[in-house]
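Presented below is the structure to which this report refers.
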Amino acid sequence: MIVSNLQARILIVDDDEDDYLITSDLIRSIPSSGFIINWCYSYKDALELMKSRTNDIYFIDYRLGAKTGLDLLKEAIAAGCEEPVILLTGKGNHTVDMEAMRVGAMDYLVKGELNEEKLERSIRYALERSASVKALRANERKYRNMFERSKDMVFTADQEGCFNDVNNATTDLLGYTKEELLQICVYDLFIQKRDEERFRYLFNERQEVNDLEVEIRTKQGDHRICIISASLESGNANKGYMQGIVHDITNLKKAEKATLQIEKLAATGRLVRTLAHEVRNPLNNINLSVEHLREETANNENGSTYLEIIQRNSNRIGALITELLNSSRPAEMKMESHVLQSIMDESILEAIDRLTLQRIKLEIKYPDTPVMVSVDKEKLKLAFSNILINATEAINHKQGRISVVINYSPDPSIVISDNGCGISEENISRLFEPYFTSKRNGMGLGLASTLNIIQSNKGAIDVKSTLNEGTSFIITFPKNHDLTEQ
């Protein structure tokens, strides 16, 4: 005896009313069940009802006039119907049976073989399986949503590292379209060979990579510092695949670098002020003594010459101390709104003689819209001039080229590039340190002063260089919101 507690809203789609009555009577005769049964004989009306998803289960006759129950099933599923469908037919047909299962029917029943037990079993199975499928789809949507909405780059790839699936953050970070990424591998993104080798070793030997810091290249050629984690997971038929997540820490690294530079400048400033105090005291005594000796040796021509030499060099030491103090203390800023293009033009004008004498080609690319920044114009001109002078001195061949590019978005920035000798990776890390220089007669204060000025103007400076190819200085400023809102 059948014992059932099934409850559902059932729609029978059949263009033969007698067949509908027979089927509905059999369903209602299932013991202890609570079914609400509706009938629809029109293909078009049935499709609209299935789209509305107001029923829990559908019985669809295979023959529906010009079209079939399989056609209705395909259209309904394409429209988003997730409720279970049981296909009914007048006689058994293995081909139709297999096609119904392939398309998405939960069961396939022959009308002449229907009875209470068979219907009860079919309905129960269809509802239980439908509930499981809906739960799986809900979980899939939840995790797919997490995958797509993640701010970090999340991806899956085969065991060789070729991408299978990526989220939106991946395309945003790397600049590739999803289709382009599916044609390349994770290993193609690494800039440093040692990063790639380390990742391959950890993944192949340990099947897991945890928080490996690497440098990757975007489609536009930008370098991004990232933390990458990946693991080997089991997929269908126990075939392994790579699952990974990449967190971009470029801005964090820049902030750390800027903080370190500020700390270095502050420490250097304290040292310079202490030395200046200790040197100026005996220097003042030397100058006073020179004044007294000048009076006593007024008629001695040789003695006067020596005193002038002492005086001249004392003044030079005093000037050097002043320069050291100026390079280490925060610059006093007179902040006003200016057009960045105009500031750069005036800086180029001051360096144009050097460029002309060395026959260096100057390339300029400005946006049509004025780029407004709130800065100390005179101080900033000095910083730009220092960079331009350094660029000219780095070029030691006859095909010299310096380019100046100003950008408005995402933040006002200026990029000064040369095709000179380049800077080694070791020296880049020390580039803005006071007194560090690779020039024969340099003091190492020019770029230290430049950094001080840029930071005092609330800007940031970054350097990219390749030996024997050239160097780029990228200076970025915060947007002048007062002006952009006008």
Side-chain angles (χ1 to χ4, degrees), residues 260-335 346-347 349-358 375-394 396 423 427 430-457 461:
L260 182 61
Q261 288 170 339
I262 291 171
E263 290 174 353
K264 283 182 178 180
L265 285 175
T268 303
R270 290 191 294 270
L271 176 62
V272 166
R273 287 190 291 274
T274 301
L275 288 175
H277 176 75
E278 296 301 324
V279 171
R280 273 185 167 165
N281 283 336
L283 190 62
N284 287 334
N285 292 335
I286 291 173
N287 288 330
L288 288 172
S289 299
V290 167
E291 292 297 325
H292 287 300
L293 287 172
R294 195 188 293 276
E295 294 175 3
E296 294 178 9
T297 59
N299 299 323
N300 187 332
E301 187 174 335
N302 290 333
S304 179
T305 300
Y306 291 132
L307 288 175
E308 286 178 4
I309 293 172
I310 295 171
Q311 184 75 61
R312 199 160 50 244
N313 283 279
S314 294
N315 291 339
R316 185 182 175 192
I317 292 170
L320 287 173
I321 291 171
T322 300
E323 186 176 350
L324 290 173
L325 286 171
N326 289 338
S327 69
S328 62
R329 67 164 60 99
E332 295 181 4
M333 295 289 111
K334 185 180 179 182
M335 307 297 279
E346 292 182 29
S347 303
L349 195 61
E350 293 181 4
I352 198 68
D353 290 340
R354 286 176 180 259
L355 297 172
T356 304
L357 289 171
Q358 290 188 225
V375 294
D376 185 314
K377 178 180 177 180
E378 296 305 317
K379 294 284 196 311
L380 201 57
K381 280 170 55 180
L382 177 60
F384 290 162
S385 297
N386 282 341
I387 295 173
L388 287 168
I389 290 168
N390 270 18
T392 59
E393 292 175 349
N396 53 10
I423 307 169
N427 286 346
R430 302 185 59 196
L431 199 59
F432 297 103
E433 289 183 10
Y435 321 121
F436 171 76
T437 181
S438 57
K439 299 176 185 177
R440 185 173 181 181
N441 298 315
M443 286 186 61
L445 293 176
L447 286 179
S449 174
T450 297
L451 175 64
N452 191 10
I453 291 170
I454 297 296
Q455 290 181 337
S456 297
N457 279 279
I461 186 167

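Quick note: numbers below take in every heavy atom, side chains included, and nothing from hydrogens, waters or symmetry partners. The chain is numbered in sequence order, starting from 1. Everything numeric here is computed off the predicted structure, so don't read it as measured data.
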Checklist entry - Could Glu378 and Lys334 be called an ion pair, given the rule that one side-chain N must be under 4.0 Å from one carboxylate O? => result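 No.
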Can you find a pair of side-chain heavy atoms, one from [X] and one from [Y], that are under 4.5 Å apart?
| X | Y | answer |
| --- | --- | --- |
| Met335 | Asn457 | yes |
| Ile310 | Leu293 | no |
| Leu451 | Leu447 | no |

Checklist entry - Going through the checks in order, is the side-chain contact (heavy atoms from CB on, under 4.5 Å) test met by Asn386 and Asn390? => result CA-CA 6 Å; Asn386 282 341; Asn390 270 18; 5.8 Å; no
Hey, could you give me the [atom1]/[atom2] distance between [X] and [Y], rounded to the nearest 0.5 Å?
| X | Y | atom1 | atom2 | result |
| --- | --- | --- | --- | --- |
| Leu380 | Thr450 | CG | OG1 | 10.0 Å |
| Leu388 | Leu355 | CG | CG | 6.5 Å |
| Lys379 | Ile454 | NZ | CD1 | 13.0 Å |

Checklist entry - Looking only at heavy atoms, which two atoms of Ala383 and Ile453 are closest? And how far apart? => result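 Heavy atoms only, the tightest pair is CB-CG2, 4.0 Å.
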Item to check | Donor-acceptor pair, side chain of Glu350 and main chain of Ser385, under 3.5 angstrom | outcome: no
